[in-house]
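Working notes, beginning with the structure itself.
Values below: every heavy atom of this structure, side chains too, minus hydrogens, waters and symmetry copies. Everything quoted here is computed from the prediction, not taken from an experiment.
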Amino acid sequence: NHNVNGEAQNASVTTSLNINWGADQNNPTPGGGLDDRSVVFASTMVSTLNNLHLSSNGQALSYAISTDPVSGGQLLTATAGTNHHTVFTVLLSDANNGSYTFTLADNLDHPSSNTPANNQALTFNVVATDSDGDSVNQSFTVNVQDDVPVLSGNVTNGTVSEDGLTSGNHVNGVSQVITLTNQSLNVSWGADAATHPGDANGRALSFNVSNNHGVITPLDSSGHALNL
């Protein structure tokens with residue numbers, strides 16, 4: 001959901017890695033190689049992400065590191081589901097002081113907190129190597145902020161009529177409606193919109209009954225408690 005107080009709206013960010021290459025900064029190609037500086041993911045990067053047990057709409061994430069065919073930099077891709085759709089990518093570049101571009105393509109499952117400030121921190125470890133083989137470790141963290149549902153409008157009040165009951169008088173000109181169905185609650189679910197049974201933690205609706213509200217007892221027109 002856009003324009004929610006406290007929620008960032010950017011799904012992609014490019015940030016400098018602040019690498020000072022020094023004298024050995026030869027960079028004939030976007031990738032690495034002999035006499036060519038480079039930035040790559042640490043060898044433990046995939047296992048580190050696996051240990052987070054991340055999921056998207058209840059589907060576990062898988063990770064792969066490849067060479068981006070356009071930029072030539074290393075590309076980490078997180079996918080989910082049997083169709084292996086992309087959830088997020090991280091692209092590295094050794095241009096200038098090095099940089100990364102993180103792009104979010106689908107939602108991550110966050111622990112429920114009912115607040116838009118709920119972040120899933122993703123830390124990425126990289127190795128920068130200059131053109132004569134000297135290297136330094138660097139890391140950066142991307143916080144993926146949770147989306148929260150909002151109301152897109154008021155709920156229209158409905159009316160039913162006892163005239164429509166079997167025992168009703170069925171007076172001409174009086175509504176005979178006794179059932180209201182598919183009345184919109186105007187909930188905008190936002191990014192986390194997966195439903196059961198595909199996602200065991202999918203979106204749900206429930207009555208707001210708590211100790212603060214006391215016990216809700218439905219009554220008939222004569223004030224008698226109803227057993228539901």
**OP:** For the residue pair S55 and D109, confirm or rule out a side-chain donor-acceptor distance under 3.5 Å.
**Re:** yes
Worksheet entry | Parallel, tilted or perpendicular: rings of F124 and F88 (30°, 60°) | perpendicular
Nearest heavy-atom contact between Q59 and A80 is O-CB, 4.0 Å
Taking the ring of F140 and the ring of Y100, is the distance between their centroids below 6.0 Å? yes
So side chain to side chain donor-acceptor pair (under 3.5 Å) across residues 73-88, not counting sequence neighbours, yields N83-H85, H85-D106
In this structure, CH2 of W21 is separated from OG1 of T129 (nearest 0.5 Å) by 7.0 Å
Closest heavy-atom pair, S38 versus D94, reported as atoms and distance to 0.1 Å, is CA-OD2, 3.6 Å
Cluster membership besides V70, Ile/Leu/Val/Met/Phe/Trp/Tyr side chains within less than 4.5 angstrom, sorted by chain and number, is none
Atom CG of residue position N51 - does it have more than 12 heavy atoms of other residues, nucleotides or ligands inside 6.0 Å? yes
* Asked: Judged by atom type as modelled, is there a donor-acceptor pair below 3.5 Å linking the side chain of N143 to the main-chain atoms of Q145?
  -> no
d(Q120 CD, L52 CG) to nearest 0.5 Å is 6.0 Å
Should L75 and V13 be regarded as members of a common hydrophobic cluster, given that ILVMFWY residues are connected when their side-chain heavy atoms come within less than 4.5 Å of each other, either directly or indirectly? no
To the nearest 0.5 Å, atom CG of L92 lies from atom OG1 of T67 at 10.5 Å
Quick one, T15 and V142 - any side-chain contact, counting heavy atoms below 4.5 Å? no
Treat each ILVMFWY residue as a node, draw an edge where side-chain heavy atoms are under 4.5 Å apart, and state whether L91 and L17 are in one component. no
Sequence neighbours excluded, the answer for side chain to side chain donor-acceptor pair (under 3.5 Å) partners of T141 is T123
Pairs of donor and acceptor atoms involving the side chains of residues 41-50, under 3.5 Å and at least two apart or interchain, shall be tabulated with distances.
| from | atom 1 | to | atom 2 | distance (Å) |
| --- | --- | --- | --- | --- |
| S47 | OG | T44 | O | 2.8 |
| T48 | OG1 | T44 | O | 2.9 |
| N50 | ND2 | V46 | O | 3.4 |

On a heavy-atom basis, the closest approach of V39 and S93 is CG2-O, 4.0 Å
### Message
For the residue pair N107 / N57, report whether a side-chain donor-acceptor contact shorter than 3.5 Å exists.
### Response
yes
Across all chains, not counting sequence neighbours, the ring pair (Phe, Tyr, Trp, His ring centres under 6.0 Å) partners of Y63 are none
Give the intermediate values and the outcome of side-chain contact (heavy atoms from CB on, under 4.5 Å) for residues N137 and N125.
CA-CA 7 Å; N137 297 326; N125 302 312; over 6 Å; no
Grouping ILVMFWY residues whenever side-chain heavy atoms fall under 4.5 Å, the cluster of V40 otherwise contains V127
Between I19 and G98, the two heavy atoms sitting closest are CD1-CA, 4.4 Å
| Is there a path of hydrophobic side-chain contacts, each under 4.5 Å between heavy atoms of I, L, V, M, F, W or Y residues, that connects V126 with I65? | yes
Side-chain contact, heavy-atom cut-off 4.5 Å: L122 with V90? no
